[in-house]
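For reference, the structure discussed in these notes is given below.
Letters A, B, ... mirror the listed sequences (proteins, then strands); counts begin at 1.
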Protein chains: 2
Amino acid sequence: MNDHPTRKTLPRLDESLLTHLPPFSRLEKRQIRTILDQATSRRYEAGVAVFREGHPADRFYMLLDGYVRVVRITATGEQVTALHIPAGQLLGIARAIGRDTYPATAMTATESIVLSWPTRLWDTFVAEYDGFATETYKTVGHRVGEMNTRIVELATQQVEQRVANALLRLINQTGRKVEGGIEIDFPITRHDLSELTATTLHTVSRLLSGWEKRGLVLSKRKRITVCDPHALVVLGQG
Amino acid sequence: MNDHPTRKTLPRLDESLLTHLPPFSRLEKRQIRTILDQATSRRYEAGVAVFREGHPADRFYMLLDGYVRVVRITATGEQVTALHIPAGQLLGIARAIGRDTYPATAMTATESIVLSWPTRLWDTFVAEYDGFATETYKTVGHRVGEMNTRIVELATQQVEQRVANALLRLINQTGRKVEGGIEIDFPITRHDLSELTATTLHTVSRLLSGWEKRGLVLSKRKRITVCDPHALVVLGQG
DNA sequence: GCAGAAGTTTGCTCCAGAGCAACATCCGGT
DNA sequence: ACCGGATGTTGCTCTGGAGCAAACTTCTGC
């Protein structure tokens with residue numbers, strides 16, 4: 001029963017799922033209906049792969065709910081997180097950038113709901129649906145910008161700055177207001193953060209302890225709340 | 001006379017300049033003629049900016065001859081090289097990824113010849129010229145892949161491995177066979193190499209000295225020849 | 001041919017942060 | 001309630017490579 005990535009062809013997907021998402025926002029109800037009828041809906045639990053680096057890119061995806069980490073795995077088995085993707089974005093769009101295999105692995109960070117379509121529909125989507133291509137390429141552009149930023153950070157900043165910045169980015173993308181600050185909306189371990197900032201979980205742990213003593217953050221197991229974002233910004237600038 | 005970036009509207013550009021370059025290779029002579037007639041040709045000396053990060057992306061470019069470094073400049077003024085672009089590739093294609101400013105600065109590494117078009121022609125190119133969009137997005141995809149690799153390298157490898165890999169990439173992209181090995185085809189300083197690998201020129205210098213003693217490379221001022229690529233590959237794996 | 005600039009080499013010191021180890025804490029399953 | 005496996009904390013050591021300083025070499029312009 002608890003089949004790992006659960007495939008569920010839901011009775012009928014509601015159009016409102018897509019109408020407000022940028023790649024589809026300019027479309028008519030009828031078009032969205034067609035798109036949804038071609039989609040496969042699937043629920044993944046936390047920590048499983050949606051697709052894997054190097055595999056043929058036979059589907060593309062829209063993350064409806066949850067969070068996905070885009071990771072690369074090195075020859076020695078270490079994982080490096082390249083990107084976090086929040087709900088409402090396309091992923092696995094290798095086809096858009098002329099690749100026929102996925103350039104990285106996508107792992108769910110939380111339980112997630114994902115729609116997907118076979119890649120052969122890609123060209124149809126681009127041709128038929130007004131604004132789809134443009135919005136997709138904006139996403140690509142945004143991710144290129146993020147990657148650029150990551151490179152600069154890795155190249156020039158100290159660990160403390162990188163971790164501070166990573167935390168800020170996470171609360172920006174996925175922050176949820178709680179009493180006492182802004183909490184990262186999904187479970188994240190010290191180890192996850194260390195993969196995101198290219199350091200060790202030990203160093204992350206030490207930094208968080210230090211910040212907690214100074215009242216900048218509040219952290220429990222797999223949970224981090226930022227109490228003083230501004231102080232983190234200052235740290236992040238170095 | 002020696003006006004820094006020299007603008008030269010050459011008497012007439014020859015069609016053969018573009019016919020064998022991927023974004024244009026499927027086009028007819030007549031179409032290429034039109035494209036060339038709309039282009040501005042310009043020569044840049046080494047070490048000048050073609051366009052700058054953050055400026056409005058009002059033109060897109062094709063590098064006909066030379067090499068260009070794509071760099072980002074940090075708040076503290078350090079430069080980080082994100083990418084090297086060899087002749088025959090498009091650059092400054094912010095428009096393709098939905099951006100209206102350039103996400104990075106492009107600096108010539110050597111004297112270079114560049115064609116450019118106003119960005120408002122972009123949509124026309126995409127619509128009218130078969131294969132143009134596809135090939136462009138392949139380029140984007142390739143660069144995304146490179147950036148990903150850079151991130152992984154920065155996150156997991158030691159300096160020696162990074163420098164070895166950078167050298168290998170350079171000779172792959174721009175290597176010229178000479179007696180005794182493969183030489184990087186443009187002048188490159190220890191400092192350039194350090195910006196490419198996120199280290200200091202001192203460390204690069206030490207590494208090169210060491211490798212030279214072991215017969216792996218041969219380096220003069222601004223010139224590096226790789227004598228034993230295979231040994232570098234081994235070093236690069238760590 | 002000379003002066004100054006640009007690029008390179010090398011020695012020395014120092015420290016951020018990795019690596020290792022040991023322990024503490026929490027959580028889920030039976 | 002208990003056990004075992006994740007997860008988190010903290011102390012200690014050690015080292016890669018940054019930072020600084022000084023000298024050397026090669027170019028460029030006058």
Side-chain angles (χ1 to χ4, degrees), chain A residues 1-2 45-48 74 76-80 109 111 153-164 166-167 184 186-214 217-225 235-236 238, chain B residues 2 45-47 74 76-80 109-111 153-167 184 186-214 217-225 235-236 238:
Chain A
M1 191 96 262
N2 195 0
E45 59 191 281
V48 301
T74 67
T76 58
E78 295 154 283
Q79 293 192 359
V80 179
E111 179 178 347
E153 277 189 15
L154 287 172
T156 63
Q157 299 187 332
Q158 307 272 96
V159 169
E160 182 169 41
Q161 302 171 45
R162 295 207 303 267
V163 177
L167 229 45
I184 294 169
F186 58 85
I188 184 165
T189 65
R190 310 289 183 264
H191 183 243
D192 292 338
L193 252 183
S194 75
E195 287 185 343
L196 202 57
T197 50
T199 178
T200 60
L201 75 164
H202 308 279
T203 300
V204 171
S205 178
R206 277 182 253 269
L207 285 171
L208 287 178
S209 302
W211 293 343
E212 184 145 12
K213 280 196 192 94
R214 295 203 265 149
V217 303
L218 212 78
S219 71
K220 306 192 195 64
R221 174 176 248 244
K222 289 196 177 191
R223 288 272 149 211
I224 303 175
T225 308
L235 276 181
Chain B
N2 196 1
E45 58 190 280
T74 67
T76 56
E78 294 155 282
Q79 293 191 0
V80 179
T110 58
E111 179 179 346
E153 277 189 15
L154 286 172
T156 63
Q157 300 187 331
Q158 307 271 98
V159 169
E160 181 170 41
Q161 301 171 46
R162 295 206 303 268
V163 176
N165 288 324
L167 228 45
I184 294 170
F186 58 84
I188 185 164
T189 66
R190 309 289 183 264
H191 183 243
D192 292 336
L193 210 41
S194 76
E195 287 185 343
L196 202 56
T197 50
T199 178
T200 60
L201 75 163
H202 308 276
T203 300
V204 171
S205 177
R206 277 182 252 269
L207 285 171
L208 287 177
S209 302
W211 292 344
E212 184 146 13
K213 279 196 192 91
R214 295 204 265 148
V217 303
L218 213 78
S219 72
K220 305 191 196 63
R221 177 178 241 243
K222 289 195 180 191
R223 288 272 150 211
I224 303 174
T225 308
L235 276 181

(request) Please state whether the base of C:dT10 and the side chain of B:His202 form at least one donor-acceptor pair under 3.5 Å? (result) yes
(message) Side-chain N or O of B:Thr203 versus OP1/OP2 of D:dA18: is the shortest distance under 4.0 Å?
(response) yes
(message) If you go through the side-chain atoms of A:Arg206, does one of them form a donor-acceptor pair with the base of D:dG11 closer than 3.5 Å?
(response) yes
(message) From the set C:dT10, C:dA18, D:dG16, return the single nucleotide nearest to any side-chain atom of B:Gln158.
(response) D:dG16
(message) Which heavy atom of B:Ala198 sits nearest to which heavy atom of B:Arg162, and what is that distance?
(response) O-NH2, 3.0 Å
(message) Please check this pair: side chain of A:Thr74 against backbone of A:Glu78, looking for a donor-acceptor N/O pair closer than 3.5 Å.
(response) yes
(request) Give the minimum heavy-atom separation between A:Glu160 and A:Arg214, together with the two atoms involved. (result) OE2-NH2, 4.0 Å
(message) Whole angstroms only, please: what is the CG-P distance between A:Leu154 and D:dG17?
(response) 15 Å
(request) Take the protein atom CG of A:Leu208 and the nucleotide atom P of D:dG8, then report the distance between them rounded to whole Å. (result) 9 Å
(message) OP1 or OP2 of C:dT8 versus the side-chain N and O atoms of B:Ser219: is any pair under 4.0 Å?
(response) no
(request) Specify the closest pair of heavy atoms between B:Arg223 and B:Ile184, including all atoms of both residues, with the distance to one decimal. (result) NH1-O, 3.2 Å
(request) Quickly work out the B:Lys222 NZ to D:dC27 P distance and round it to whole Å. (result) 10 Å
(message) A side-chain contact here means heavy atoms from C-beta on lying under 4.5 Å apart; do A:Val159 and A:Leu207 qualify?
(response) yes
(request) Have a look at B:Ser205 and say if it touches a base, only the backbone sugar-phosphate, or nothing, with a 4.0 Å heavy-atom cut-off. (result) base
(request) Measure the distance from CD1 on B:Ile188 to C1' on C:dG7 and round it to the nearest whole Å. (result) 13 Å
(message) Regarding D:dT26, can its base be found pairing with the side chain of B:Arg221 as donor and acceptor, where the two atoms are less than 3.5 Å apart?
(response) yes
(message) With a cut-off of less than 4.0 Å, is there a side-chain N or O of B:Ser209 near OP1 or OP2 of C:dT8?
(response) no
(message) What is the distance, to the nearest angstrom, from the CG atom on B:Asp192 to the P atom on C:dG7?
(response) 8 Å
(message) From CZ of A:Arg190 over to P of C:dA24, roughly how many Å is that when rounded to an integer?
(response) 18 Å
(message) Rounding to an integer number of Å, can you tell me how far A:Lys220 NZ sits from C:dT25 P?
(response) 17 Å
(request) Check the distance between C:dT25's P and A:Arg223's CZ and give it to me in whole angstrom. (result) 22 Å
(message) Reading DNA chain C from 5' onward, which residue's closest nucleotide shows up sooner: A:Thr200 or B:Thr189?
(response) B:Thr189
